[in-house]
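Read the structure below first, then the notes.
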Amino acid sequence: MAINKQEHAQWSSSFGFVLAAVGSAVGLGNIWKFPYMVGESGGSAFVIAYLFCIALVGFPILVAEWLIGRRGQKNPVNTFVDVATSEGKSRSWGIIGASGILGGFLILSFYSVIGGWALNYVTKIATGQFVGQDSDAVGATFDAMLASAGTLTIWHTVFMFFTAVIVGIGVTSGIERTAKILMPLLGLILFVIVGYNVMNGGFGEAVAYLFTPDLSKLTEDVMIAALGHAFFTLSIGMGIMVAYGSYLGREVNLLKTARTVVILDTVIALAAGLAIFPIIFSNGLDPASGPGLIFVSLPIAFGSMGAGTIIGTLFFLLITFAAVTSAISLLEPTVEFLEERTSMSRTVATIVSSTIIWLLGIAALLSFNLWSDVTILDNNIFDALDKLTSKFILPLTGLAAIIFLAWRMDQRSIQQELGLSNGAFQIWQIVAKFVAPIAVVVVFVNALI
Ligand code: TRP
């Protein structure tokens, strides 16, 4: 049953909204994925491309998704159908909402596997496994975890179970309130690690690696990776921000709120880079070692710094927490959709969707061991899920959202809603009508040919 406008709840304050949006945006994307993608793409070229994509593509699409959601006041599929029909446009815009739900489903399957790794590392660090270990031993511990399908399955299951319980019993807002305390703590520990690195070498090299522009490395592959990651890290291109926008009160200033979310998200990612790369360089590790990067670098520092066991345990706990708040936002749209569109209760909808996601996650984790030879177009299952979502579903869904907003909706009312003067709105329109969509199309076409 579709919720009507009167029944549809609203955020009690714009602060609550920012918390939920930051909770969704800040997650494994910032701390696990960003650094290893930087490493795989050779450093600063990726960072620079990523910053451009965040500012010129991610930011406007985030605003577009909220604005459309606030107009529609429903789940993403119904929102796109309603807003399109009220603008006299085709109902098929509802497909944007549907592709978003599919995207969340696919992302959560592999996201939960990595959430499981983080949980496993909480126990490893808490029991002092890494104390005094050198980089070879830390690397061997990671490889042993990857080689064990059983271990990966257990922790993936625990992570998925937590997420499903939180969504199923509907306490997501309580979790988000807790984020108010835990997220700043996560930021603080990141900076403690950065401080440790300043004292222990590799720092200058890491700063140069991350920020010295080297455009020769700016290849098409790097650009599409950076673009996809801009979507992934801001949680856009999936309809979740459309759903969040539907709970947004009229008084909230979309541009300012988006600026806050984008800045916080970016600062956390860059801090993660400064926490990890100095350790990589001072220990002679390979920056391009892929998804294991934080798991083979950070434990070395925790194993040797004072109070490293406590700081490290807390750090991986907080990463897990950040991952859970993001995972909630990946599961919620599917559950909400099933609840509104079928006769399933919330509990049944949660059990059904999380079981399917869990199974898909098992297929993803087997890529690291038993099924490492199983490939889809040259990618193992884990990489295939990651690439299909980040490189295709998210950018294409986001592209459709910004085209819809900039080319299909009444522009005067958008100007009013954004509270922009004529001059400022012209700049907005150049970005929303041309820069953002063209950037997505160009990068995309280049990646395909
Ligand atoms: N942004 C989250 C992260 O960086 C992941 C995430 C949560 C996401 N919800 C999303 C990505 C929706 C794309 C779409 O970890």
Side-chain angles (χ1 to χ4, degrees), residues 19-38 50 53-54 57-59 61-62 64-66 69 76 96-118 159 163 166-167 172 175-176 179 183 186 225-245 258 261-262 264-273 291 294 318-337 357 385-401:
L19 270 184
V22 171
S24 170
V26 175
L28 295 171
N30 306 63
I31 293 166
W32 159 73
K33 198 170 184 202
F34 173 76
Y36 95 72
M37 293 193 81
V38 171
Y50 160 82
C53 291
I54 290 279
V57 182
F59 179 85
I61 291 181
L62 179 60
E65 292 198 355
W66 285 347
I96 305 180
S99 98
I101 288 177
L102 175 71
F105 201 85
L106 299 177
I107 292 174
L108 185 52
S109 67
F110 68 86
Y111 204 85
S112 169
V113 173
I114 311 295
W117 293 4
F159 186 90
T163 306
I166 292 166
V167 170
T172 56
I175 299 293
E176 268 141 18
M183 289 296 197
L186 175 65
L227 182 80
H229 190 62
F231 283 88
F232 188 91
T233 193
L234 292 177
S235 304
I236 52 178
M238 201 208 88
I240 180 63
M241 289 302 182
V242 176
Y244 280 19
V261 171
V262 166
L264 281 173
D265 189 78
T266 308
V267 167
I268 300 262
L270 295 177
I294 68 166
L318 291 170
I319 295 182
T320 309
F321 179 80
V324 168
T325 60
S326 299
I328 292 171
S329 79
L330 288 163
L331 182 57
E332 182 75 36
T334 309
V335 169
E336 212 167 284
F337 181 75
I357 293 170
L385 285 166
D386 179 12
K387 289 188 180 156
L388 172 67
T389 49
S390 287
K391 293 192 174 169
F392 294 91
I393 298 182
L394 299 180
L396 289 184
T397 311
L399 175 67

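Just so you know, these numbers come straight off a predicted model, no measurement behind them. Whatever order the structure lists them in is the order used to number ligands and atoms, beginning at 1. What's counted below: heavy atoms across the whole structure, side chains too, no hydrogens, waters or symmetry copies.
Within the 4.5 Å cutoff, the side chain of Trp32 has no heavy atoms near those of the Ile319 side chain. The shortest side-chain heavy-atom distance between Ser109 and Leu385 falls under the 4.5 Å cut-off. Using a 4.5 Å heavy-atom threshold, the side chains of Phe159 and Val113 count as separate. For the pair Ile357 and Leu330, the minimum side-chain heavy-atom distance is 4.5 Å or more. Side-chain contact check for Trp117 versus Ile114: some heavy-atom pair is nearer than 4.5 Å.
Scanning the protein for heavy atoms near atom 8 (C) of ligand 1, the closest one is Ser235 OG, 3.5 Å. The single protein non-hydrogen atom nearest to atom 9 (N) of ligand 1 is Ser329 OG, 3.1 Å, given as residue, atom name and distance. In terms of protein heavy-atom proximity, atom 15 (O) of ligand 1 is nearest to Tyr111 OH, 2.5 Å. For atom 2 (C) of ligand 1, the closest non-hydrogen atom of the protein is Ser24 O, 3.2 Å.
At a 3.5 angstrom cut-off on N or O pairs, Leu234 does not count as close to ligand 1. The distance criterion of under 3.5 Å between nitrogen or oxygen atoms is not met by Leu394 with respect to ligand 1. For ligand 1, the polar-atom distance check finds an N/O of Phe232 within less than 3.5 Å of one of the ligand's N/O atoms.
Only the backbone of Ala25 comes within contact range of ligand 1, with a heavy atom under 4.0 Å; no side-chain atom does. The side chain of Ile107, and not its backbone, has at least one atom closer than 4.0 Å to an atom of ligand 1 (non-hydrogen atoms only; side chain from C-beta on).
Across Glu332, Met241, Lys33, Met238, heavy-atom proximity to atom 12 (C) of ligand 1 is greatest for Met238.
For ligand 1, the atoms sitting less than 4.0 Å from at least one non-hydrogen atom of Leu28 are 15 (O), numbered in the order shown with element in parentheses. Against a heavy-atom cut-off of under 4.0 Å, Ile240 is close to the following atoms of ligand 1: 12 (C). Close approach of ligand 1 to Gly27 (heavy-atom distance below 4.0 Å) involves ligand atoms 3 (C), 4 (O), 15 (O).
Contact record, Met241 with Ile236: CG-CG2, 4.2 Å, taken as the closest heavy-atom pair. Here the shortest heavy-atom pairing between Ser390 and Pro395 reads O-CD, 3.1 Å.
Judged by distance alone, the side chain of Thr233 and the main-chain N or O of His229 form no donor-acceptor pair under 3.5 Å.
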